[in-house]
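Because the structure is a prediction, the values reported are computed rather than measured. For ligands, and for the atoms within them, numbers begin at 1 and follow the listed sequence. Because only heavy atoms are used, hydrogens play no part in the values below, and waters and symmetry mates are left out as well, while side chains stay in.
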Amino acid sequence: MRMILIGPPGAGKGTQAARLVDALAIPHISSGDMLRAAVAEGTALGVEADGYMKQGLLVPDAVVIGMVIERIGKADCAHGFMLDGFPRTAPQAAALDEALSVAGVSLDAVVLIEVDDSLIVERICGRRSDPATGAIYHLRFNPPPADVVDRLVQRKDDTEAACVARLEKYHAETAPIVPFYEAKGILRRVDGVGSPDEVTGRLKSALA
Ligand code: AMP
């Protein structure tokens with residue numbers, strides 16, 4: 001299965017992708033995670049991306065496209081992948097289409113996780129992750145177990161100012177690619193409001 005998860009920041013893409021990939025036996029490819037790893041390693045790509053990410057801006061297409069297309073060309077993606085956070089712009093969607101058509105394959109599904117803007121800021125500002133396991137929690141909606149609370153960290157771009165910028169970018173750059181996939185007949189919409197388990201159930205039904 002070759003698929004994409006699309007949705008506004010804080011829709012639960014990362015949480016849900018992590019829950020789905022094991023059952024589907026495909027790698028979870030998060031462009032945000034790849035960029036954060038590059039920032040942490042201090043690579044040239046990471047140094048370039050860091051300033052954009054901190055402000056909630058998109059990293060330039062030229063940087064992100066090469067990174068993700070190279071990743072999905074690796075052997076573990078031969079039978080499928082779940083893209084999370086890519087594509088986020090029309091040129092990224094076109095580049096992905098081109099790379100897949102050169103490889104003689106196509107996307108099976110694009111799932112849009114829908115969450116209203118009014119819920120996004122609260123979701124993002126309460127988000128914390130566990131550097132030891134990669135698990136994502138929410139202080140109110142998905143509370144962490146007491147024994148991990150002290151080691152949780154907050155993403156640098158999970159501040160209110162960066163969140164507002166990321167939402168603006170989502171509506172200006174990412175939402176417009178939805179009709180592109182709708183026209184291909186592979187778009188499925190899933191309500192992202194509810195508990196993580198409820199949303200996972202809806203995603204599984206949408207993919208069944
Ligand atoms: P995410 O973890 O998907 O929320 O991404 C975090 C940040 O990484 C975004 O706010 C962007 O700054 C950057 N980023 C991730 N994926 C992309 C992409 N496909 N295109 C441009 N920037 C991206």
Side-chain angles (χ1 to χ4, degrees), residues 3-21 27-72 81-100 107 110-115 117 119-131 134-138 153-178 180-181 192:
M3 61 168 293
I4 301 175
L5 279 185
I6 297 189
K13 299 184 297 295
T15 301
Q16 295 299 333
R19 288 166 159 238
L20 292 170
V21 286
H28 170 201
I29 298 173
S30 155
S31 47
D33 284 351
M34 292 176 78
L35 290 167
R36 281 183 286 279
V39 171
E41 282 164 29
T43 65
L45 189 153
V47 170
E48 184 175 358
D50 194 30
Y52 295 99
M53 293 172 76
K54 272 193 216 140
Q55 294 178 71
L57 301 176
L58 293 181
V59 176
D61 286 336
V63 176
V64 180
I65 289 172
M67 178 185 82
V68 176
I69 300 294
E70 185 189 332
R71 177 67 188 85
I72 62 172
F81 49 75
M82 180 175 299
L83 284 175
D84 154 14
F86 182 96
R88 253 180 165 96
T89 65
Q92 291 179 19
L96 176 64
D97 230 35
E98 169 71 15
L100 293 176
L107 288 169
V110 176
V111 182
L112 173 63
I113 305 184
E114 298 180 300
V115 177
D117 282 8
L119 298 174
I120 296 289
V121 174
E122 191 184 9
R123 275 194 173 200
I124 286 191
C125 293
R127 179 160 66 180
R128 299 288 184 277
S129 63
D130 182 347
I136 305 168
Y137 299 99
H138 188 282
V153 294
Q154 183 175 29
R155 273 170 50 169
K156 280 189 276 186
D157 59 348
D158 276 354
T159 59
E160 194 160 342
C163 171
V164 169
R166 285 159 67 201
L167 257 181
E168 274 172 20
K169 285 286 161 201
Y170 175 76
H171 289 295
E173 307 270 358
T174 310
I177 67 177
V178 169
F180 173 74
Y181 293 117

After noting the C-alpha distance and the side-chain angles of T174 and T89, does the key distance pass the side-chain contact (heavy atoms from CB on, under 4.5 Å) rule? CA-CA 5 Å; T174 310; T89 65; 5.8 Å; no
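- Taking only nitrogen or oxygen atoms, main chain and side chain alike, Q92 reaches within less than 3.5 Å of ligand 1.
- Interface atoms of ligand 1 facing V64, defined by a heavy-atom separation under 4.0 Å, are 18 (C), 19 (N), 20 (N), 21 (C).
- With contacts defined as side-chain heavy-atom distances shorter than 4.5 Å, the pair Y52/L58 does not qualify.
- Contacts with ligand 1 closer than 4.0 Å are made by heavy atoms of both the backbone and the side chain of L58.
- At a heavy-atom cutoff of 4.0 Å, ligand 1 is contacted by the side chain of R155 but not by its backbone.
- Here is the list of ligand 1 atoms found below 4.0 Å of a heavy atom in D157: 6 (C), 7 (C), 10 (O).
- The distance criterion of under 3.5 Å between nitrogen or oxygen atoms is met by L57 with respect to ligand 1.
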Let's go through M67 and L35 carefully: what are the C-alpha distance in whole Å and the side-chain angles of both, what is the deciding distance for side-chain contact (heavy atoms from CB on, under 4.5 Å) to 0.1 Å, and is it a yes or a no? CA-CA 9 Å; M67 178 185 82; L35 290 167; 3.8 Å; yes
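- Here the heavy atom of the protein found nearest to atom 13 (C) of ligand 1 is L35 CD1, 3.6 Å.
- Of the heavy atoms in K13, none comes closer than 4.0 Å to ligand 1.
- Residue M53 touches ligand 1 through backbone and side chain together, judged by heavy-atom distances below 4.0 Å.
- Proximity of V59 to ligand 1, defined as any heavy-atom pair under 4.0 Å, is shared by backbone and side chain alike.
- Note: an N/O pair closer than 3.5 Å links G85 and ligand 1 by distance alone.
- One finds a salt bridge joining D158 and R127 here, because a Lys/Arg side-chain nitrogen approaches an Asp/Glu carboxylate oxygen to under 4.0 Å.
- Of all heavy-atom pairs between C125 and T159, the closest is SG-C, 4.3 Å.
- For the ligand labelled ligand 1, residue K169 lies outside the 4.0 Å heavy-atom shell.
- In this structure, L96 and I69 approach most closely via the heavy-atom pair CA-CD1, 4.0 Å.
- Listed by number with element, the atoms of ligand 1 under 4.0 angstrom from any heavy atom of S31 are 15 (C), 16 (N), 17 (C), 19 (N).
- Taking all atoms of both residues into account, the shortest heavy-atom contact from I177 to A93 is CG2-CB, 4.4 Å.
- Atom CD of E160 is surrounded by 12 or fewer heavy atoms from other residues, nucleotides or ligands within 6.0 Å.
- Close N/O approach between R88 and ligand 1 is found [any backbone or side-chain N/O within under 3.5 Å].
- Salt-bridge check for D61 with R88: failed, with every basic side-chain N at 4.0 Å or more from each acidic carboxylate O.
- When only modelled atom types and interatomic distance are considered, H28 and D33 share no side-chain donor-acceptor pair under 3.5 Å.
- Inclusion of D33 in the set of residues having an N or O under 3.5 Å from an N or O of ligand 1 is not warranted.
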